[in-house]
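See structure below.
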Amino acid sequence: MDVRAAVAVQAGKPLEVMTVKLEGPREGEVLVEIKATGICHTDEFTLSGADPEGLFPAILGHEGAGVVVDVGKGVTSVRKGDHVIPLYTPECRQCPSCLSRKTNLCTAIRATQGQGLMPDGTSRFSIGKDRLFHYMGCSTFSNFTVLPEIAVAKVNADAPFDKICYIGCGVTTGIGAVINTAKVEQGATAVVFGLGGIGLNVIQGLRLAGADMIIGVDLNNDKKQWGEKFGMTHFVNPKEIDGDIVAHLVNMTKRGADQIGGADYTFDCTGSTKVMRQALEASHRGWGKSVVIGVAGAGQEIATRPFQLVTGRTWMGTAFGGARGRTDVPKIVDWYMAGKIEIDPMITHTLKLEDINKGFDLMHEGKSIRSVVVY
Ligand code: NAD
Ligand code: 022
Ligand code: ZN
């Protein structure tokens, strides 16, 4: 069939909106009409050419929501008409990783997904004789896409596509990092570095978990108001304090008779390795947990003194907030529908597919929290 897609033709070039061919679903696959998609940092990272694993030409996009319009042979978990969110971290419930109960990083289709292909090693997208690569197993910058059955979460059909698409990456990553990865408890103190589309969701996750003190750190003072909207209790701009940011945060979090400072939990939502170190060292001696969420550039390394770890801090990381997609994503949609979490104010811009490149410009300029394309 003919579909409308924004094609990443070449690294460093804007996306080109055009008509491309999409083959129907094969065994174990579903055809989904994408109704809305967010524009996220990895799409930009890959399009820019900075991603060494980036493949071209490809159909990018990994933060979508839509409706199942056809299913291939053997598909049992979803049917035509179901509302779904594509999953760049699938959940097969059969691989050693899924069965371990210790990780959300399902390995069932990992190899082919990384090669921009469906599990049978082929692509469903083409222009004439040229095949186009899939992206993160999702390719949501197309009004129709084909996905493996294990890479869709069936969600509440009353939920608005133009909001819940954000649950396909940013919302789940931020909230999941707090609940699944850090396992934050009531009364905790926390520091969140970087108040963008991920950091703000970490903040609302911390509010949900009942954290007492939620300190936001950002170089941009406009982010103070944004953080406060979702539960941040204190704001620090590293450029506006005297001396070291770590010492400042440790001082702010001094509690108890011994007056040892440091937060119970810290989160890097910047992707800067310098910030990752600050986050670890701003966590409390003996029990502090620091979660790396930001994705750093290719080849970057993190450093700290071993003493920081020997004295009981834990450095950890998370992919997709540790969420098991088919199990957890529908729950987050329900939380949104019940008013337990907010999404609407974070979607600062809504665009047509034809204007998708404007969404990338807004991201570069730091003007958007999230831009969403509505088909
Ligand atoms: P964003 O650009 O919207 O936000 C980043 C924020 O960090 C900005 O507000 C910026 O001002 C601030 N910042 C930059 N340098 C800083 C510094 N030195 N100190 C304090 N603040 C600083 O980005 P986002 O959409 O929120 O994404 C954040 C990161 O999370 C990206 O690296 C993205 O790739 C990553 N991410 C990871 C996962 C995962 O599963 N691990 C999922 C989604 C996104
Ligand atoms: C999403 N991300 C950043 C912004 N939006 C993001 C990027 C990478 C990962 C998670 C979220 C990630 C962490 C660990 C892995 N990935 C490897 C998983 C594994 O090897 O099992 C990751 C994922 C997908 C892809 C590449 C890397 C891909 O499909 N190309 C989950
Ligand atoms: Zn993303």
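When a residue number appears, it is its place in the shown sequence, counting from 1. Just so you know, ligand 1 is whichever comes first in the structure, and atom 1 is the first atom listed for that ligand.
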Protein heavy-atom contact under 4.0 Å for atom 13 (C) of ligand 2?
yes
Using a 4.0 Å heavy-atom threshold (strictly under), name the region of E53 that reaches ligand 2: side chain, backbone, both or neither.
neither
Heavy-atom protein neighbour under 4.0 angstrom from atom 17 (C) of ligand 2
no
The number of protein N, O or S atoms lying under 2.8 Å from the Zn ion (ligand 3) is 3
Looking just at side-chain N and O atoms, do T103 and S97 make a donor-acceptor pair shorter than 3.5 Å?
no
Flag atom 7 (C) of ligand 2 as yes if some protein heavy-atom distance to it falls below 4.0 Å, otherwise no.
yes
Contact bool for atom 1 (C) of ligand 2 (protein heavy atom, d < 4.0 Å):
yes
Looking at D264 and R255, is there a salt bridge between them, counting it only when a charged N and a carboxylate O are closer than 4.0 Å?
yes
Strictly less than 4.0 Å: does any protein heavy-atom distance to atom 28 (C) of ligand 2 fall in that range?
yes
Does L362 offer a backbone N or O that forms a donor-acceptor pair with the side chain of E365 under 3.5 Å?
no
So, E29 and R124, do they make that salt bridge, N to O below 4.0 Å?
yes
Ignoring hydrogens and geometry beyond distance, is a side-chain donor-acceptor pair present between E240 and N221 at under 3.5 Å?
yes
Would F193 and F267 count as a close aromatic pair, with their ring centres under 6.0 Å?
no
Hydrogens and angles aside, do K183 and N180 bring a side-chain donor and acceptor to less than 3.5 Å of each other?
no
Is there a polar contact between ligand 2 and T42, counting only N or O atoms under 3.5 Å apart?
yes
Heavy-atom nearest neighbour of atom 5 (N) of ligand 2 within options P90, C169, A111
C169
Would you please say whether a donor-acceptor pair under 3.5 Å links the side chains of R26 and T122?
yes
Count the heavy atoms of every other residue, nucleotide or ligand shown that sit under 6.0 Å from NZ of K80, and state whether that count exceeds 12.
no
Would you say D344 and Y166 are linked by a side-chain donor-acceptor pair, where the criterion is simply a distance under 3.5 Å?
no
List, ordered by chain and residue number, the protein residues whose closest non-hydrogen atom lies under 4.0 Å from any atom of ligand 1.
H41, Y88, C169, T173, G194, L195, G196, G197, I198, V217, D218, L219, K223, C269, T270, G271, V275, I293, G294, V295, T318, A319, F320, R370
Would you tell me whether Y135 and T46 have side-chain atoms, one donor and one acceptor, within less than 3.5 Å of each other?
yes
E63 and T37 side chains, donor-acceptor separation under 3.5 Å:
no
Can you check whether H41 has an N/O within less than 3.5 Å of an N/O in ligand 2?
no
Could you go step by step and tell me if V291 and W315 meet the side-chain contact (heavy atoms from CB on, under 4.5 Å) rule?
CA-CA 6 Å; V291 184; W315 218 347; over 6 Å; no
Using a 4.0 Å cut-off to any heavy atom of C40, which atoms of ligand 2 qualify?
4 (C), 5 (N)
Residue portion contacting ligand 2 (non-hydrogen atoms closer than 4.0 Å) for M136:
both
